[in-house]
Amino acid sequence: MKQIIYFLLAFLPFCGVFSQENSSNKDMNDSVAIVYFIKDITPENVLKLYEKTGVDLKGKLGVKIHFGEDGNRNFLNPILTKPLMEKTGATFVETNVLYVGKRRFTPSHIALAKEHGFTFAPIDILDSEGEIDYSTLGMNLKHFQRVKTGSHFPNYDAYIIYSHFKGHGSAGFGGAIKNLAMGFASPGGKMAQHNSEVPVIANRDKCNGCGNCIKNCPAGALSLVDDKIVIDEEKCIGCAKCIAECPRRVIKPDNTRIETNVFLERLVEYAYVFTQKKPMVFINVLANISSSCDCSARAPLPFTQDIGILASKDIVAIEQASHDLVAKGHNCDDAFLKESGVSGLGQLEYAQKLKMGTRKYKLVEIK
Ligand code: SF4
Ligand code: SF4
């Protein structure tokens, strides 16, 4: 019932200070969702935008966040969430990753989060005591009959999805959809989403044999032959870690091997199921925007200036608005396609098709 109320509220008419409509969606109905926007990225403004959405999330709240990979410099400053965490009494929630590194296991994951400054609220690694799965029966999904998450996922009454909007090697961009899809998936769920996405050695001559990708491959699928990298396709689980870890951009997603949008559709289906289970509201922070995600220890420097904070009850609208603001700031139609060769727009097309929200939005700038 709560989900229905939030969905209806997202489409109420309103008076905006500033508005912008995305015109790429001619086949959608006339619904327009509100996305609140503020330019100054401050802790007080994160809370202000959350309150502006008008949601009244009750009970035990989780804030889905990314603590940043060890060595990553682009993850969001934890202080930004302090007033929000204090006001809502929420818990930071995350899941363990597939990758080799501190975020793979709960004790080292929590220790890294604290090292990165997430010290002022409780932390719950949702799969620290195992995983559960949800059936997708009756949801008419293409890829999954079940989705897997941490066993603590049902322990919360509602979630605030707090996302760093930036690039991602396989998804084009990572925002709220990616944060939900991979971020709530247990390692088994992450593997299911990545499966069969074997990357390619696109620039073999540029490989200097540094071995960084080999150290970070969770499947032992990489090795050097004549000082150049090779992938054992039988072992590869398609996690894309090597794409992020290669400083010379030798390894890239193979967009010819599988239908380009399959990975994006898998992400969306995972996100869709989680949105059906709990009430949620979405906050995207557009800062430190590089072509790589916060899972990368070697994420490149940002390619554009910081833009601001967005908040909405509509996950598709907030992602479209975030995408458009980054494109505008980068003087192009698709900044992530330009920077990393992958467009993430398939996420939004499919999410809209599943009726998760609308790509039509009004951007309401708060002064
Ligand atoms: S080769 Fe790359 S994509 Fe495949 S499992 Fe290893 S790190 Fe992941
Ligand atoms: S990280 Fe890149 S440069 Fe280093 S061995 Fe792997 S593919 Fe080659």
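Whatever order the structure lists them in is the order used to number ligands and atoms, beginning at 1. Worth saying up front: this structure is predicted, and the values here are computed from it rather than measured. Below, each value reflects all heavy atoms present in this structure, side chains not excepted, and no hydrogens, waters or symmetry copies.
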Restricting to pairs with a member in residues 130-139, which pass salt bridge (charged side-chain N to carboxylate O under 4.0 Å, His left out), not counting sequence neighbours?
-> D133-R146

When clusters are formed from ILVMFWY side-chain contacts under 4.5 Å, directly or step by step, what else is grouped with V225?
-> V230

Against heavy atoms of N208, which atoms of ligand 2 measure under 4.0 Å?
-> 3 (S), 4 (Fe)

Salt bridge K60-D157, side-chain N to carboxylate O under 4.0 Å = no

Check ligand 2 against P247 and write out every atom of the ligand that is under 4.0 Å from a heavy-atom position of the residue.
-> 1 (S)

Using 4.0 Å as the upper bound for N to carboxylate O, is an ion pair formed by E94 and R103?
-> yes

Looking only at heavy atoms, which two atoms of Y50 and I283 are closest? And how far apart?
-> CB-CD1, 3.9 Å

Charged N to carboxylate O under 4.0 angstrom, K87 versus E51?
-> yes

Could you list the residues that satisfy ring-ring contact (aromatic ring centres under 6.0 Å, His included) with F105, not counting sequence neighbours?
-> none

Just jot down the ligand 1 atoms closer than 4.0 angstrom to any heavy atom of P199, in number order.
-> 3 (S)

Under 2.8 Å from atom 6 (Fe) of ligand 2, which protein atoms of type N, O or S occur, listed by chain and number?
-> C213 SG

